Number of protein chains: 2
Amino acid sequence: MASRAKATIFDIAREAGVSKSTVSLVLQGSGLIRPETAVKVRKAIEDVGYVYNRGAANLRKAHSNVIGMVINDLTNPFFAELAVGMERVFQSAGIVPFIANTAENPVRQEEVLKSLMEQGVAGLIVSPARGTTPGAFRRLEMAGVPVVFAMRRLPESRIPVITPDNHRGAYLATAHLIGKGHRRLAFFGGSSDLVVYHERLGGFREACETLGIADRDALVLEGETNRKGGIACLETSFAMAEPPTAALCFNDAVAFGAMLALRKRGLEPGPDFAVVGFDDVVEAEHYVPALTSVAVNTAGLGERAAHVMLKMIQSRTTRAEDHIGAVNLVVRESCGPDRRTRARPAGTGGAA
Amino acid sequence: MASRAKATIFDIAREAGVSKSTVSLVLQGSGLIRPETAVKVRKAIEDVGYVYNRGAANLRKAHSNVIGMVINDLTNPFFAELAVGMERVFQSAGIVPFIANTAENPVRQEEVLKSLMEQGVAGLIVSPARGTTPGAFRRLEMAGVPVVFAMRRLPESRIPVITPDNHRGAYLATAHLIGKGHRRLAFFGGSSDLVVYHERLGGFREACETLGIADRDALVLEGETNRKGGIACLETSFAMAEPPTAALCFNDAVAFGAMLALRKRGLEPGPDFAVVGFDDVVEAEHYVPALTSVAVNTAGLGERAAHVMLKMIQSRTTRAEDHIGAVNLVVRESCGPDRRTRARPAGTGGAA
DNA sequence: TTGATTTATTGGAACGTTCCATTTATAGGC
DNA sequence: GCCTATAAATGGAACGTTCCAATAAATCAA
């Protein structure tokens with residue numbers, strides 16, 4: 001059953017009555033081989049149950065065809081969507097990308113990166129884990145492996161980045177809330193060791209300033225970037241003397257958490273407290289109430305990242321231009337009706 | 001900047017003034033090396049910016065430390081949870097698993113499998129794509145690579161399987177619906193080319209028979225295994241003369257779809273139509289209404305699969321026992337109150 | 001001191017491929 | 001028939017590692 005030893009091109013050569021070099025040529029689809037010979041060889045390949053040894057080949061070929069995608073949180077559907085976008089373009093390029101999850105853990109990320117390098121990847125698309133140290137990608141750079149960051153960037157790094165326009169997205173969302181009549185706002189979730197955080201928070205702050213919301217009415221609460229973080233933020237905000245009436249959340253997961261916590265308090269997301277998310281994952285549309293969110297064209301960014309990577313590999317460079325993707329606010333139900341048209345700020349917590 | 005050529009153990013050897021063999025030994029953490037020598041070598045490794053070439057090593061070592069996880073649908077959070085469970089145990093074993101997505105496409109799966117084999121994986125955990133042909137894993141078997149199936153199995157295959165008790169789960173869920181007073185039931189989603197489908201459907205059917213539901217009152221609708229499939233099933237079921245009043249869904253994604261479609265018709269999932277899911281993904285608990293679902297301990301199954309794989313690799317076998325995981329029904333709100341205690345079957349479609 | 005034993009280190013062959021420089025076969029021109 | 005040009009196939013070296021057998025150095029027993 002289990003074939004004695006692994007078959008090599010020598011076994012194929014013997015079977016087909018040709019030399020190993022001929023087999024190698026056939027394997028590479030070289031046009032130098034007479035068609036009949038190629039057929040004969042291919043039959044032999046089938047017969048001996050050959051499996052190509054890419055490791056051995058890479059020993060000579062210098063560049064492999066393996067591309068790694070390093071994702072910081074696979075359980076967040078947003079990153080799954082991103083990964084799927086990338087896969088689409090790699091697939092049509094005949095490449096099978098390997099996905100590795102870091103679970104937002106820099107130590108794990110280090111291991112993953114090391115392993116991928118040892119495997120001899122041709123390139124890496126990375127969404128870095130929170131708290132990644134600036135030196136984490138030094139080895140990659142030294143080795144000349146092309147890397148592009150997706151969605152997240154590192155403070156001082158020359159690695160190209162594919163990211164949505166976080167500042168503008170946050171500005172749009174905040175302006176929407178203010179336009180609805182909200183005067184005490186909050187920014188929920190995310191942590192300051194993330195560059196994205198500062199970008200999104202920056203948009204939030206700029207909108208507040210521009211549109212006349214005082215600093216003390218713009219609450220900022222850091223927190224985990226998942227549902228749990230959203231719940232926590234909402235709870236602490238309601239424990240304050242003058243709770244906000246609306247929140248821009250770091251991402252959709254945080255927004256879902258906030259809405260959950262509202263429900264648990266008997267409040268209705270939308271009418272009682274406006275929440276807007278960021279990323280516009282597919283769930284956003286189907287949630288009850290449907291979540292207003294900043295759409296970033298996730299899969300599109302993934303595709304873009306993949307294309308940039310392909311180009312870098314092809315042109316043997318480690319540099320590329322950053323790409324800032326357009327965003328737009330998708331208004332759904334989670335911000336409720338216009339606040340000013342209502343008699344008074346109904347709801348439990350909304351005294352003041 | 002970009003170091004001239006890739007550094008090899010020879011470069012390290014020269015730098016440290018030892019032989020390549022000594023370097024190799026240090027790399028493998030052999031105790032044969034004098035500690036001071038090891039220190040010297042390790043310094044040299046750092047200095048030359050060495051990166052280990054696992055491909056070259058595998059050429060001699062026969063067995064690599066790469067394990068592949070082949071997932072049929074990464075955008076389904078269920079499989080993401082499964083993957084995370086597996087990762088947990090591999091991580092503690094010092095292994096970085098590579099994840100590849102087949103997007104439920106057998107052709108893609110073929111490519112992925114081929115690529116992973118060429119990479120020389122030590123083992124594979126696979127959740128096979130829909131419509132996988134029986135021969136798809138022949139090459140793997142021939143090559144003696146350990147494979148375990150997770151969540152799904154193939155019709156005639158001797159490859160070990162880790163799966164929840166689908167039959168029992170479906171039975172439990174169906175019995176629950178019948179216990180609530182429902183008399184016209186449906187099974188939504190899934191397709192008959194999936195073994196899981198038959199298992200779950202079998203549980204549904206057995207419960208119906210045992211508990212006195214006639215065949216004609218047990219509607220079965222195949223469909224996609226995602227939200228869209230759930231929407232479609234609900235729509236076609238409501239187009240019938242005597243629509244069901246409750247449905248067991250193939251999985252949670254289908255259930256979410258069904259609930260969505262109900263809402264769109266102005267019906268309230270639970271009171272107006274009972275729906276129960278399968279898998280109990282984390283979203284189930286947080287949905288509105290919270291979804292009653294069959295919990296399968298997803299991450300636990302993932303861990304189990306990983307353990308089995310590790311054991312197989314260690315003992316150099318390609319066989320292992322199947323594992324059928326316990327399930328339990330988590331009752332939440334999506335089935336509403338007991339049907340018999342209500343005046344009459346309210347709702348739009350529920351005449352008769 | 002000598003030989004035996006243990007501890008560290010080393011050179012060489014092997015792993016399965018690719019690529020280059022050759023060789024051999026086939027065809028074309030005259 | 002011979003020479004040249006082209007097409008097809010080949011042997012050998014190289015890629016970066018591991019492992020084995022062998023050597024060199026240190027320790028010990030007598």
Side-chain angles (χ1 to χ4, degrees), chain A residues 3-42 44-45 48-66 114-115 117-122 143, chain B residues 3-42 44-45 48-66 114-115 117-122 143:
Chain A
S3 49
R4 40 215 166 284
K6 268 198 179 98
T8 76
I9 51 171
F10 283 92
D11 299 307
I12 300 170
R14 193 177 334 104
E15 183 82 7
V18 298
S19 79
K20 63 167 185 16
S21 302
T22 304
V23 176
S24 175
L25 257 5
V26 172
L27 248 17
Q28 297 171 75
S30 161
L32 288 177
I33 301 295
R34 195 151 44 102
E36 309 123 65
T37 312
V39 168
K40 200 171 52 178
V41 170
R42 267 190 275 272
I45 289 177
V48 302
Y50 172 74
V51 5
Y52 185 72
N53 185 333
R54 207 169 280 280
N58 287 344
L59 219 41
R60 292 240 39 184
K61 273 207 305 201
H63 264 321
S64 76
N65 72 338
V66 177
K114 178 151 169 272
S115 176
M117 283 197 72
E118 294 181 352
Q119 226 54 238
V121 289
Chain B
S3 49
R4 41 213 166 285
K6 268 197 179 101
T8 75
I9 51 170
F10 284 92
D11 300 306
I12 300 170
R14 193 176 337 104
E15 183 83 6
V18 298
S19 80
K20 62 163 185 21
S21 302
T22 304
V23 176
S24 175
L25 258 4
V26 172
L27 247 19
Q28 299 171 75
S30 161
L32 288 178
I33 301 294
R34 196 153 41 104
E36 308 122 67
T37 312
V39 167
K40 201 171 50 178
V41 170
R42 265 190 275 274
I45 289 177
V48 302
Y50 171 75
V51 7
Y52 185 73
N53 185 334
R54 208 169 279 280
N58 287 344
L59 218 43
R60 292 242 38 186
K61 272 208 305 202
H63 263 320
S64 76
N65 72 338
V66 177
K114 178 151 168 271
S115 175
M117 282 196 73
E118 293 181 352
Q119 226 54 239
V121 288

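By convention in this document, chain letters (A, B, ...) are assigned in the order of the sequence lines, proteins followed by strands, and residues within each chain are numbered from 1. As the structure is a prediction and not an experimental result, all values here were calculated from the model.
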Taking any heavy-atom pair under 4.0 Å as a contact, classify A/Y52: base, sugar-phosphate, or nothing. sugar-phosphate
Taking the basic N atoms (NZ, or NE/NH1/NH2) and the acidic carboxylate oxygens, is any pair closer than 4.0 Å for A/E118 and A/K114? yes
Can you check the B/N65 CG to D/dT17 C1' distance for me, whole Å? 14 Å
Atom CD of B/E118 and atom C1' of C/dT17: how far apart are they, to the nearest Å? 12 Å
Side chains of B/T22 and B/S19: donor-acceptor distance under 3.5 Å anywhere? yes
Please tell me which of the listed nucleotides, D/dC15, D/dT10, C/dG11, lies nearest to the side chain of A/L59? D/dC15
Mind checking side chain to side chain donor-acceptor pair (under 3.5 Å) for A/R14 and listing every partner two or more places apart, or none if nothing turns up? A/D11
Length of the line joining B/Q119:CD and C/dG16:P, which is rounded to integer Å: 16 Å
Would you say a side-chain N or O of B/T22 is under 4.0 Å from OP1 or OP2 of C/dT10? yes
To the nearest angstrom, the CG-C1' distance between B/L32 and D/dA22 comes to 14 Å
Using a 4.0 Å heavy-atom cut-off, does B/L27 contact any base of the nucleic acid, only the sugar-phosphate backbone, or nothing at all? nothing
Interatomic distance, A/N58 atom CG to A/N53 atom CG [nearest 0.5 angstrom]: 9.0 Å
Rounded to whole Å, please give me the gap between CG in B/N58 and C1' in C/dA14. 15 Å
Nearest to the A/I33 side chain among D/dA9, D/dA13, C/dG12, which nucleotide is it? D/dA9
Distance check needed: C/dG11 C1' versus B/R14 CZ, whole Å only. 17 Å
With nearest nucleotide decided by heavy atoms, which residue, B/R60 or A/L25, maps closer to the 5′ end of DNA chain C? B/R60
Identify whether any heavy atom of A/S21 sits under 4.0 Å from a base atom; if not, whether one sits that close to sugar-phosphate; answer base, sugar-phosphate or nothing. base
Among C/dT17, C/dT18, C/dT10, the nucleotide that comes nearest once only the side chain of A/Y50 is considered: C/dT17
Overall bend of the helix from C/dT1-D/dA30 to C/dC30-D/dG1 (five pairs an end, 10° steps) is 50°
Without decimals, in angstroms, what is the distance between A/K20 NZ and D/dG12 P? 8 Å
Respond yes when some side-chain nitrogen or oxygen of A/S24 is under 4.0 Å from OP1 or OP2 of C/dT17, and no when none is. no
OP1 or OP2 of D/dA9 less than 4.0 angstrom from a side-chain nitrogen or oxygen of A/R34, does that happen here? yes
I need the A/K40 NZ to A/I45 CD1 distance, nearest 0.5 Å. 12.5 Å
How far does CD of B/Q119 sit from CZ of B/R54, to the nearest 0.5 angstrom? 12.0 Å
As an exercise, state the distance from OG of A/S115 to OH of B/Y52, rounded to the nearest 0.5 Å. 11.5 Å
Verdict with reasoning, A/Y50 to A/L27, per side chain to side chain contact (heavy atoms under 4.5 Å, CB included): CA-CA 11 Å; A/Y50 172 74; A/L27 248 17; 3.8 Å; yes
Quickly work out the B/H63 NE2 to C/dC15 P distance and round it to whole Å. 17 Å
Ignoring the backbone of A/A56, work out which of D/dT18, C/dT17, D/dT10 is nearest its side chain. C/dT17
At 4.0 Å (heavy atoms only), tell me whether B/I9 reaches a base, stays on the sugar-phosphate, or touches nothing. base
So A/T8, base contact, sugar-phosphate only, or nothing? Heavy-atom distance under 4.0 Å. sugar-phosphate
Look at the side-chain N and O atoms of B/Q28 and state whether any lies under 4.0 Å from the OP1 or OP2 oxygen of D/dT17. no
